[in-house]
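One structure is given below, encoded as structure tokens.
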There are 2 protein chains.
Amino acid sequence: MSSRENEDFEPLVVLQFSSSTPPATKEWVIKRLTANPNDDQGAGLLARYDTDPESDKRVILIGATLSRLLIGAEELRIKKRYKNKGLTEFLVSDTDHFENSENPENLLLKSEKQRIIWEEIQNLHPMMHEHTVPGVPTKSFSSKNDTILNILHSLDFIGNIFPLHDKEELKLLEHTWIKSVRSISKPQDINKIRDYFGENVAFYFAFLEFYTYALVPPALLGLLISFSSSSDFFKYSSLCIFNVIWWTIVMELWKNYTNKLAHQWGTLDIEIFERPRSLYYGDPQLSPITNTEEPQYPLWKHLLKKYLVSYPLMLVCVAISLIMYFTYCGIQQSTDEKYPFDDSVLFIHAKSMRMAPSLGYSLLIGPVNLAYKRLATFLTDLENHRLQSSYENNLTSKLFIFFFINCFVGLFYQAFFNANFANVTQLLTSMVIVNAILLKFTEQIIPYLWKLQKKKQLIEKRSDDAQVSSAVRQLKTLTPFQGTYGDYVTIFEQYGYVALFSAVFPWVTICALVNNLFELRGDAFKYCHVYQRPFAQQSWNIGSWHYAFDILSSIAIVTNTALIAMQPTVREYFSSYTDVEYILIFVAAEHVLLAIKFFIDFAIPDVPYEVEIERVKALYESNQALRRQRANKALQAEKSIVRL
Amino acid sequence: MSSRENEDFEPLVVLQFSSSTPPATKEWVIKRLTANPNDDQGAGLLARYDTDPESDKRVILIGATLSRLLIGAEELRIKKRYKNKGLTEFLVSDTDHFENSENPENLLLKSEKQRIIWEEIQNLHPMMHEHTVPGVPTKSFSSKNDTILNILHSLDFIGNIFPLHDKEELKLLEHTWIKSVRSISKPQDINKIRDYFGENVAFYFAFLEFYTYALVPPALLGLLISFSSSSDFFKYSSLCIFNVIWWTIVMELWKNYTNKLAHQWGTLDIEIFERPRSLYYGDPQLSPITNTEEPQYPLWKHLLKKYLVSYPLMLVCVAISLIMYFTYCGIQQSTDEKYPFDDSVLFIHAKSMRMAPSLGYSLLIGPVNLAYKRLATFLTDLENHRLQSSYENNLTSKLFIFFFINCFVGLFYQAFFNANFANVTQLLTSMVIVNAILLKFTEQIIPYLWKLQKKKQLIEKRSDDAQVSSAVRQLKTLTPFQGTYGDYVTIFEQYGYVALFSAVFPWVTICALVNNLFELRGDAFKYCHVYQRPFAQQSWNIGSWHYAFDILSSIAIVTNTALIAMQPTVREYFSSYTDVEYILIFVAAEHVLLAIKFFIDFAIPDVPYEVEIERVKALYESNQALRRQRANKALQAEKSIVRL
């Protein structure tokens, strides 16, 4: 099983050490990775140095034998298709009943193999008798609580760790996804994306596509209405009512679709069996569920940290951010008054003085955002979440609140306090269009050009004919994958503009639709050619993002009715009413819309009927198995008594 | 197993035929009840005529042998306490491992035995070769689709069917519940209530008690505030904010408590294995879940009926009810103008003319309510719900909407359109106090007096010393149980007054608290001495009522802020603001309160942590059993291959 014996295995995962890593530490890691799981509590994987001279003896390639992978699949409860039946948890002893069992190499997808290896690496501990890191005698650890990966991270020894792209699979995927004619007219094949990138990424693309299609009806209606000759009030209000109902239904249908996908991918109820994060700590105790020893962190400590540390600190941050914005507004206003444009001689002076506050503000906002992001990560780490999913959801919620303030408070202020619609229009335009173009450049085009450049350098450098190893190529030319957070934020921001202001500015929806048709292909390109391959990560929905979109939809009802009420043409339409009556009418309308939204939320079931049936069926079967097991036991006990 | 052989079994359930039932039909029913389940598809129960001459050969007593009951318990998946472990589904072959197995008569509670018999009666079909009812040759049926109970109901042959009270158990229950000193100071023992009456009734009492305790803080705060000397605005708004937060937390804690109780009683996940209602119809098809033949009604037909028939018809009813009320208001107003009180000679004439509209309205409202109730039941029957729980939830929702309109629309009209607070005060007083007293009389005191009178008659009539059989006594003196609907409506109405108007009328809360302390004991008395015993019915929460209370809490935020804003003293307090600003301030405050409510709803988890752990543990165990079963099968398959 040692690395020396299996020099020719297929590498699946690349681990790059930082330049400061001592050779003894590298050897130790390889030893732990390849050690036998039973005798030496190792990971039982295969590992060797990359042979490419460019890799500088810092790159390890990791793989595994087929039997090791199958055992890992059983441990991770990976679900595969049972012959003549649906998805079933893989069992090594039952291999024959699974599809593809004639060809066991193809039983598992490559992304699943990489996930299994990644899980093994994450859960690899030092040996019982070890107490210091070889090569770094000053670094001591507890072999029970610390994993090797955490130790290496804390020493800053990990340069990069990522699974290798599969050139052929990627080409096939790319063909149906972006390169063929079919890819323009037909929806993306979400199952293929899932097979290659895992559920986490697949859910992002499913959502982006779903959302893009959902933009079509409001965009068409907006177009239609802006050319009609009816009154402004009729235009705005019909668009507003349509939007409220439409987006509520869309969000419910998305929830439905989410559950359908999760069921199809066998991740619907995996939450229950999710493994603790490797960073989760606590006193080892017997788990009440599995009856094995697991770290347990007291619930009250977790809640205390969450409600008494995180939440108050976040409120403070929000307050600071609001204070910053309004201070900026105040300074801007007083500067505007101090430097009027009337004196033409001093025009340039006035102009530049007027620009100073906004320049200062935008210089300040960057570091503040970064500091907040660090704080949010620190707080979420501090809360010590047991599951990766709850960790990510909590981090997302924290970032979301701050992001929401930063993104929309300016627009709110201009729209509702200044009632400065010219400013709102300008802001919206710049945000939707300019942001979209800028993002495409910084996220896709520049990294791609950089990649081409790097690739050229790599090949030119090579004096002999030897090929550059794929590990080194992907390491040097591709950008490390940073998670789907940034991509969701982009859609979320856009949805904010669409939902919050679309009744009065319907063309925002049209811009968003056009943008997303490009975004969908652009992101696909980015995942295929700009990013290093991400580890497949199981998930059963888009997590907190669903709530974020739902909350935005509710807020949108308030903003849209307010925006409509503030239009002078609408006020004219209701000129027979007093101001008080006018406001009360719109408040009542807003409440009716809110009620409709909650009614629709309530009336559409979250889980589609077929999925519910399947779920109950699975529960029924395992319940029956439990009963049979108990009946068998009782029978055996009886028999043994008779025998005595 | 025939009734003739077992004349001395313990009767558990009483079935009374109507006087028109032919003797042949009665004999047929007894035969079907006692026929062997395996050979003749009978119910395998015990049954005989009651010997009391008063019963007039129309009363059948039904019981069952212990082994029949235990088999029934296994079929119904009744959970009992496993030795050294939690609740586990009962299995006959595994009887020895359950608590009380040394004394098998006490393994099942009497209420459970009665439920088992009731389920068997409900699911009893005619024999395959039978096509007409003996004694009624004109009545034909299909032995596959019709149950005997449905046939008897459709012929109007069932006079009454109920389980017998157990005098001794009832005395014990009563002692701890209402009669001992302890019962005043300590909370009720909800488990004892559950053991005797079943989960359905127990949840009602748990809710009533929980709600009563929850009234204490707002009542105290209301009392405190009404004696304080601060401004009206401060009083009202602090009470309003407190109420919003308090009732949201209470409802969330109730949901938590519900899940705890359901877990404790083993009904948390029974929804999944719930049997179809005996009235559910559809083409027999293989169930995708259990793989046995079950009636299946197409989902689209069900949804079509629900959304295109029921909902529109209900909207029409609501509209009719609103039109009726506003017509009444209009007529009342014009009569009031037509007959002024200025001419003292015609005072009585004017007074009586003024009373005419309200008299006409109250005469009309009774039949309309009854007609609506019939319509609601008809529509819910039409929707053809598969499960009893969803049937009841849908019926409750329908009744709730209509009830809400009837109860509160008058108050709303007086408070918000007429701004007639004197009227509101009067209405509230009469509704809270008079209703409470009236209800106690009609629900508890009069039936109890009637019962005593009837009992006396029964005993006097008897010339010999023979005792009146308990079946006849309970049949003649106790009121048939009508379900918990009426009781919930009473609390719901009261909560409406408390939640919707309490910020401005805090004494309503105090009245409600005092009333409920009596209500709790009064209802206990009613269930013990006025009603016939109800069949124990499994449930895991209070069904739709939770939503009803939740919706009221949301509406309460709107009404309370509006009520506060409408108080002249509060307007004075804000006299420096214009009307428009004043309204906007209150609208903003209302939105903030709504946001707080939703945040609390979201932040408190519905299922308590310990229950979640137990639930996951059960899932884990059955999943493990399934895996072991599959591994065993694979092993056996391998062995048999080797043997070949």
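Any value given below was found using the heavy atoms of this structure, including those in side chains, with hydrogens, waters and symmetry copies removed. The chains referred to below are lettered A, B, ... by the order of the sequence lines, with proteins before strands, and numbering in each begins at 1.
- Across B:Arg628, B:Glu614, B:Arg77, the residue that shares the most heavy-atom pairs under 4.5 angstrom with chain A is B:Arg77.
- With a 4.5 Å cut-off on non-hydrogen atoms, B:Val587 touches chain A through its side chain but not through its backbone.
- Heavy-atom distances place no part of A:Ile551 under 4.5 Å from chain B, backbone and side chain included.
- Heavy-atom distances place the side chain of A:Leu299, and not its backbone, under 4.5 Å from chain B.
- Looking only at heavy-atom pairs under 4.5 Å with chain B, the residue among A:Gln624, A:Glu74, A:Glu590, A:Glu89 that has the most is A:Glu89.
- For a residue to count as touching a neighbouring chain, one of its non-hydrogen atoms must lie under 4.5 Å from one of that chain's; by this rule A:Ala595 does not touch chain B.
- Neither the backbone nor the side chain of A:His97 comes within less than 4.5 Å of any heavy atom in chain B.
- The shortest side-chain heavy-atom distance between A:Trp300 and B:Tyr609 does not fall under the 4.5 Å cut-off.
- Dense packing is recorded around OH of A:Tyr311, with more than 12 heavy atoms of other residues, nucleotides or ligands lying under 6.0 Å away.
- Top candidate by heavy-atom pairs under 4.5 Å with chain A, chosen from B:Asp579, B:Ile583, B:Val92, is B:Ile583.
- Proximity to chain B (any heavy atom under 4.5 Å) is shown, for A:Val580, by both the backbone and the side chain.
- Sparse packing is recorded around OH of A:Tyr547, with 12 or fewer heavy atoms of other residues, nucleotides or ligands lying under 6.0 Å away.
- The environment of B:Phe602 atom CZ is sparse: at most 12 non-hydrogen atoms of other residues, nucleotides or ligands sit within 6.0 angstrom.
- Using a 4.5 Å cut-off between heavy atoms, A:Ile613 touches chain B through backbone and side chain atoms alike.
- Only the side chain of A:Phe599 has a heavy atom closer than 4.5 Å to any heavy atom of chain B.
- Within 6.0 Å of OH on A:Tyr307 lie more than 12 heavy atoms contributed by other residues, nucleotides or ligands.
- In this structure, no portion of A:Glu612 lies under 4.5 Å from any heavy atom of chain B.
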